Amino acid sequence: MNQIFIDDIHADAQVGIYPHELVGSQPVSITLRLGIGGRAARSDRIEDTIDYAELVARLREYLAQRRFALLEHLADSLAGVIFDKFGPSWLTLSVHKPQVLQGVGRVGVMIERKHDEYAAQAPFPLHQAAKEGVDVFRVFDSLNDQVNDKVAAKDLLVELA
């Protein structure tokens, strides 16, 4: 089993439920473990693995465009982006807010997902679309552009499924 790890990706995210968290963004730190095949170890070609720089840039771009109430939802959303764009066989993702509580070093969540389980849990039309190569997150982004309320957009997407 081969894996890529990326520790302490620093990014800004609009996340939180408390009044002081609702104005602007705050720092978060993301750590990843991604299951990959062994092809790149034999070929020595970037095309056979996950490009770290591209992945980090995509995650930062994604976070800059969205607002989350909970770290749990932020983490699950990032897992979806990673599976959709980079296709690891599994991932472990942790995200934390450093020094968000006085006297506490960090508060965060850790999730583990397998690609097969992630795809199977998608609503049927989205799961079917993913099988057919449709970028389901691009569909969601498009819907977000049309509906200003992100929660309403997500609810609408689930209803359409």
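Please read all numbers here as calculations on a predicted model, not as lab measurements. For this chain, numbers begin at 1 and follow the sequence in order.
A pairwise comparison of heavy atoms in G16 and L22 identifies O-CD2, 3.5 Å as the closest pair. Considering all non-hydrogen atoms of both residues, R113 and A79 come closest at CG-CB, 4.4 Å. Residues I50 and P88 come closest through the heavy atom pair CD1-CB, 4.2 Å. The two atoms that bring R33 and F5 nearest to each other are NH1-CB, 3.2 Å, heavy atoms only. When all heavy atoms of N2 and G37 are compared, the closest pair comes out as ND2-O, 3.5 Å. Of all heavy-atom pairs spanning F68 and S77, the tightest one is CE2-OG, 3.6 Å.
With hydrogens and angles disregarded, a donor-acceptor distance shorter than 3.5 Å links the side chain of E21 to the backbone of I17. With hydrogens and angles ignored, the 3.5 Å screen pairs a side-chain donor or acceptor of R60 with a backbone N or O of H10. Side-chain N or O atoms of Q65 include none that pairs as donor or acceptor with a backbone N or O of Y62 at under 3.5 Å. Not a single donor-acceptor pair under 3.5 Å links the side chain of E72 to the backbone N or O of V109. Between the side chain of S29 and the main chain of H96, no donor-acceptor pair closer than 3.5 Å is present.
If you take CG on L91 and CD1 on I82, they are separated by 5.5 Å, rounding to the nearest 0.5 Å. Distance check: L71 CG to L78 CG gives 10.0 Å after rounding to the nearest 0.5 Å. With rounding to the nearest 0.5 Å, the separation of CD1 in I46 from CG in D44 is 9.5 Å. Rounded to the nearest 0.5 Å, atoms CZ (F86) and NE2 (H115) are 12.5 Å apart.
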>> Please determine whether side-chain contact (heavy atoms from CB on, under 4.5 Å) holds for the pair K97 and R106, giving the CA-CA distance in whole Å, both sets of side-chain angles, and the decisive distance to 0.1 Å.
In response: CA-CA 6 Å; K97 298 179 195 180; R106 60 187 185 152; over 6 Å; no
> Can V28 and I9 be said to form a side-chain contact (heavy atoms from CB on, under 4.5 Å), step by step?
Replying inline: CA-CA 8 Å; V28 295; I9 300 167; over 6 Å; no
>> Determine whether L32 and I4 satisfy the following criterion, side-chain contact (heavy atoms from CB on, under 4.5 Å), listing intermediate values before the conclusion.
In response: CA-CA 8 Å; L32 298 170; I4 290 174; over 6 Å; no
>> Quick one, I111 with T92, criterion side-chain contact (heavy atoms from CB on, under 4.5 Å). Give me CA distance, side-chain angles, the key distance, then yes/no.
In response: CA-CA 6 Å; I111 64 170; T92 300; over 6 Å; no
>> With salt bridge (charged side-chain N to carboxylate O under 4.0 Å, His left out) as the criterion, how do R58 and D51 come out once you've worked through the C-alpha distance, each side chain's angles and the decisive distance to 0.1 Å?
In response: CA-CA 11 Å; R58 177 66 181 116; D51 183 326; over 6 Å; no
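Counting heavy atoms from C-beta on, the side chains of L55 and K85 never come closer than 4.5 Å. With a 4.5 Å cut-off on side-chain heavy atoms, R39 and T49 do not count as touching.
Open room surrounds CD on Q99; 12 or fewer heavy atoms of other groups in view lie less than 6.0 Å from it. Within 6.0 Å of OH on Y52 lie no more than 12 heavy atoms contributed by other residues, nucleotides or ligands. Counting non-hydrogen atoms of other residues, nucleotides and ligands closer than 6.0 Å to CG of D7 gives a total above 12.
Hydrophobic clustering, with ILVMFWY side chains joined whenever heavy atoms are under 4.5 angstrom apart, groups L59 together with L93.
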